[in-house]
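Everything quoted here is computed from the prediction, not taken from an experiment. Chain naming here is simple, since letters A, B, ... match the order of the sequence lines and numbering starts at 1 in each.
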Amino acid sequence: MNFTTYYSLDSLIAAGKKEARDKEAISVDLFDTLLVRRIHDPDLVKLPVARYIAGLAAARGLKWSWRKVQSTRDTIEQGNRAATGQKFTDHEACYPLFMRELLEVIFQGGYDESLLERVTEYELTMENSMLVPRRKLVDWLKELAAEGKRIFVISDMYLPASHLEKLVAHAGVLDLIEAVVSSADTFLAKASGLAYPMIAEKYSVRPEAWLHIGDNPFSDGLRAFDAGLTAMIIHDPGEDQRKSITKRYYNYSDGRPFWRGRVLQQLMAPLEDENQPGTPLYTEGYNFIGPLIGIFIQRIAELCRKQNITKVFFLSREGWTFKKYWEKATPWLFPGDDLPETEYLYVSRMALAGASCAYQGLTQTNADIAFLPAGNRDFRDVCRIFSLKPERFAGHLADHGLAVDTCLSHVHDGYDPENRKKFELLLEDESFQAEVKRQTMDANRAMERYFDEAGLFSHKNVAIVDIGWLGTIQRFLFEAIAHRPDCPYCHGFLFGATRGIPYPESERNMIAGVMYDRNRFDLAASTLFYAQDIFEEACRAPHPTLNGYRLTEEGYELEFRKTDDAIGQAELHQDEYFAPLQQGIIDSAARFGAAAALLGYSFDDWKPWINYLLVSKLAFPRAVEVANIKNRHHLDDFHGSKKPKADFGRGLKPLWGQSQLQLKFNPLLRIRYFFRHLRGRINE
Amino acid sequence: MSTVHNNRYDLAGIELSRLIKTAIVGKIIPMGNFRGGPGGRCLVVLALLHYLGYPVYRILAQYGHRLQILRRIAVKLRR
């Protein structure tokens, strides 16, 4: 053997350091040496490019399926290689040449150079997303550059050097390198060995003072040796193992839909320097909650395109994370497509509850919603939720035999059903409703001014995106704007729709759960019931909740909850605790987008894997996961502070509320809870 | 402190071993729609790759060219 093969990067670098002492120039192969691919097959990058070109063609009314685009590209590329083979030893192709030819075939007279630029840009972006620099090799190259060695990057590739430079820049070593040499520019490749003398002559490098490092024993090893160079080959079994695993996940996903989500996560996984040790919460954000949000966002974008929705409103506070994820993932998922505008809308149940009464008054259903949380007991709680002043209703209450402190909730001591009937009669009292409307009108006007400024009334179809669960925010929001002639069609998309109270759906006001909807039987996804608060806290924005909208002379003012009390401080503590989890979620976004774009799957393809993730992580969590992921605090201003009857809620301790001792040592605990959950869903 | 992607190229928190356990439990009690599930053979192959892949590929990297005869025998046996 006239070159040396190394089976780990460490051993190669150790030997390379000795070898490089008396060398002037060091050259490195680009692919699978300096940069490793997340995917096992480099040709897979061509598929999203084919889909992109098919999309561009469709936008111009041309019917080209992505498969046809891909096969045409293959044919043209092969033709180019055959033509090159007649003049040169190597059968090389040059990307700008065959891609221009392909685009001319597809777009005919509609072709212009800007098309080639856009496609090239997209292909390089996709390539870059699937390439990761090998940190140890990069560090060594930096050392060599500091010692004054001349460094070259050489590749047998259809991309010309000007394009490869962008990939090298991604590795962070472009400034160290004297030249990037591609076989696409000269059609002289390493495979025939003709690239080496050409480079030696062009850059005046003496072969005996030249060390070449690559992964191919033939073109990087034997051919380099034949040209008089010293050659070192890296054959990393770890890389073989990684690629073999990815290949299996990819191949299995073709026949078994279950694996589609798993291969997505395998392609999203950080490699090399990206894969830094982090807290368990960061890992949960990256591997568990991040992909779920990504799939949720992808589905919303798909539905927006299908339903001609032109603006997406992400509702505070969970919408903050959704919007960030959208901004990072959708450019990969839908390149070149006109996606809807997005807006983060400051709302809350408390802020909208009052505003929703300005035109319709306080409805029976909304009053019932107020008494859903066990902490709400009397009319004072109703006033707190709907921003009403209880003292101004003293006369109305007295007329119906009630007082502000009369118990109206059946879960509290002192409840008398007669009082609830009296309260229902009170709601039918016109003077009572007139006072409700009078008190809430200013909040409604302020809210409308804010919504107007946010563009809610400038679109016919809007999406309202929220975490869940009953759809109360959208219910109040729609009721607050329903009187307007320019009220848009509101398409509500919830992460999970648990629908405790029937939602008043209409043509203009629709709601659907994306990951889970109680209206369809989905046992696995219904495990969201186990720990809903986790998703709320994981996605929550780092700002306090909105208390209301205040009308001012200039327009409106958003009133946020103060953070200097115990609850506010607890929320800050929770934010701090979940910061790594949120970071993990956000860090996963771009990689989710790139991986999902490469695979080309949609929501239905991911669903079996989502179901597995939810069942595995929520219904069968490890004790340590419960300890880590469970939120420390959860603020719910809607929930009052009154204590319900002593026997209320007894025996309903959730799995995620169990002690660590129980979770660690009770072997049937999770099964028992799962059967109870299963019974509950079937009974529904 | 742990990494998202462990040294067996598996994902922390959703390792293959956990999936195997869930798949086994899923054979006994209904757990939801996994659209055919992972499949036993796929799980076995992936378990071998994740847990024993490195030593196998290490041997193949160094001595793979000498094992060609075994591959030829395997191909003949498959026929």
Side-chain angles (χ1 to χ4, degrees), chain A residues 5 7 235-242 244-246 248-249 252 255-260 262 265-266 268-271 274-280 282-284 286-288 522-527 584 587-588 604 607-609 611-617 619-620 622 625 671 674-675 678, chain B residues 1-68 71 74:
Chain A
T5 302
Y7 300 101
H235 188 164
D236 186 348
E239 275 298 289
D240 290 347
Q241 182 194 10
R242 183 180 67 78
S244 181
I245 288 168
T246 309
R248 260 52 177 213
Y249 280 124
Y252 293 156
R256 283 189 171 269
F258 179 82
W259 292 109
R260 289 174 189 168
R262 182 62 181 81
Q265 289 204 241
Q266 194 69 20
M268 281 172 66
L271 298 175
E274 300 165 347
N275 195 29
Q276 293 293 333
T279 63
Y282 180 87
T283 304
E284 296 298 346
Y286 197 99
N287 276 348
F288 172 42
D522 189 345
L523 177 62
S526 70
T527 50
D587 285 354
S588 72
D604 289 339
K607 192 69 173 79
W609 182 252
N611 285 349
Y612 163 70
L613 276 186
L614 291 171
V615 169
S616 169
K617 298 292 269 190
F620 294 89
R622 291 173 181 155
E625 285 171 351
I671 292 279
F674 191 71
F675 271 117
L678 177 61
Chain B
M1 301 292 259
S2 61
T3 53
V4 168
H5 203 193
N6 64 26
N7 56 9
R8 291 189 300 270
Y9 303 105
D10 208 348
L11 301 173
I14 45 172
E15 298 86 356
L16 191 76
S17 54
R18 187 173 188 163
L19 172 54
I20 293 170
K21 281 182 206 162
T22 310
I24 293 168
V25 176
K27 293 277 177 198
I28 304 161
I29 56 171
M31 300 188 99
N33 183 6
F34 297 157
R35 280 183 68 191
R41 190 181 163 185
C42 301
L43 287 173
V44 170
V45 172
L46 288 165
L48 288 172
L49 284 171
H50 277 298
Y51 297 103
L52 297 172
Y54 188 85
V56 171
Y57 281 105
R58 181 70 181 81
I59 293 164
L60 285 176
Q62 199 156 1
Y63 306 107
H65 57 287
R66 295 182 196 171
L67 301 175
Q68 286 300 329
R71 284 188 184 168

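Side-chain atoms of B:Arg35 never come within 3.5 Å of backbone atoms of A:Arg256 as a donor-acceptor pair (strictly under, hydrogens ignored). Between the A:Asn611 side chain and the B:Gly32 main chain, no donor and acceptor come within less than 3.5 Å of each other. Between the side chain of B:His5 and the backbone N or O of A:Leu271 there is no donor-acceptor pair closer than 3.5 Å.
Per-residue counts of heavy-atom pairs under 4.5 Å with chain A were compared for B:Thr22, B:Ile29, B:Leu11; the largest is that of B:Leu11. When A:Glu239, A:Arg262, A:Glu284, A:Gln276 are compared by the number of non-hydrogen pairs under 4.5 Å with chain B, A:Arg262 comes out ahead. Chain A forms more heavy-atom pairs under 4.5 Å with one residue of B:Ile14, B:Asn7, B:Val25 than with any other, namely B:Ile14. For the set B:Leu19, B:Leu60, B:Val45, the count of heavy-atom pairs under 4.5 angstrom toward chain A peaks at B:Leu19. Heavy-atom pairs under 4.5 Å with chain A were tallied for B:Gly26, B:Gly39, B:Cys42, B:Ala12; the largest tally goes to B:Cys42. Contact count against chain B (heavy-atom pairs under 4.5 Å) is highest for A:Ile245 among A:Asp240, A:Ile245, A:Leu523.
No side-chain heavy atom of B:Lys21 sits under 4.5 Å from any side-chain heavy atom of A:Phe620.
The distance from atom CG of B:Leu16 to atom OH of A:Tyr249, rounded to the nearest 0.5 Å, is 5.0 Å. Interatomic distance, OH of A:Tyr282 versus CE of B:Met1, reported as 11.0 Å (0.5 Å rounding). Atoms CG and CZ, from B:Leu49 and A:Arg242 in turn, are 13.5 Å apart once rounded to the nearest 0.5 Å.
The two atoms that bring B:Tyr57 and A:Gln241 nearest to each other are CD1-CA, 3.7 Å, heavy atoms only. Scanning both residues, A:Phe674 and B:Met31, for their nearest heavy atoms gives CZ-CA, 3.9 Å. Minimum interatomic distance between B:Tyr54 and A:Gly238 (heavy atoms only, all atoms of both residues): CE1-N, 3.5 Å. Across all non-hydrogen atoms, the minimal contact from B:Gly13 to A:Arg622 is CA-NH1, 4.2 Å. Annotation for A:Tyr612 and B:Arg18: closest pair OH-C, 3.6 Å, computed over non-hydrogen atoms.
Only the side chain of A:Ile671 comes within less than 4.5 Å of a heavy atom in chain B; its backbone stays farther off. Of the atoms belonging to A:Glu274, not a single heavy atom falls under 4.5 Å from chain B. For chain A, no part of B:Pro55 is nearby; none of its heavy atoms comes within less than 4.5 Å. For A:Tyr286, the part sitting under 4.5 Å from any heavy atom of chain B is the side chain, from C-beta outward, and nothing else.
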Applying side-chain contact (heavy atoms from CB on, under 4.5 Å) to B:Asn33 and A:Lys607, what does each step give before you reach the verdict? CA-CA 9 Å; B:Asn33 183 6; A:Lys607 192 69 173 79; over 6 Å; no
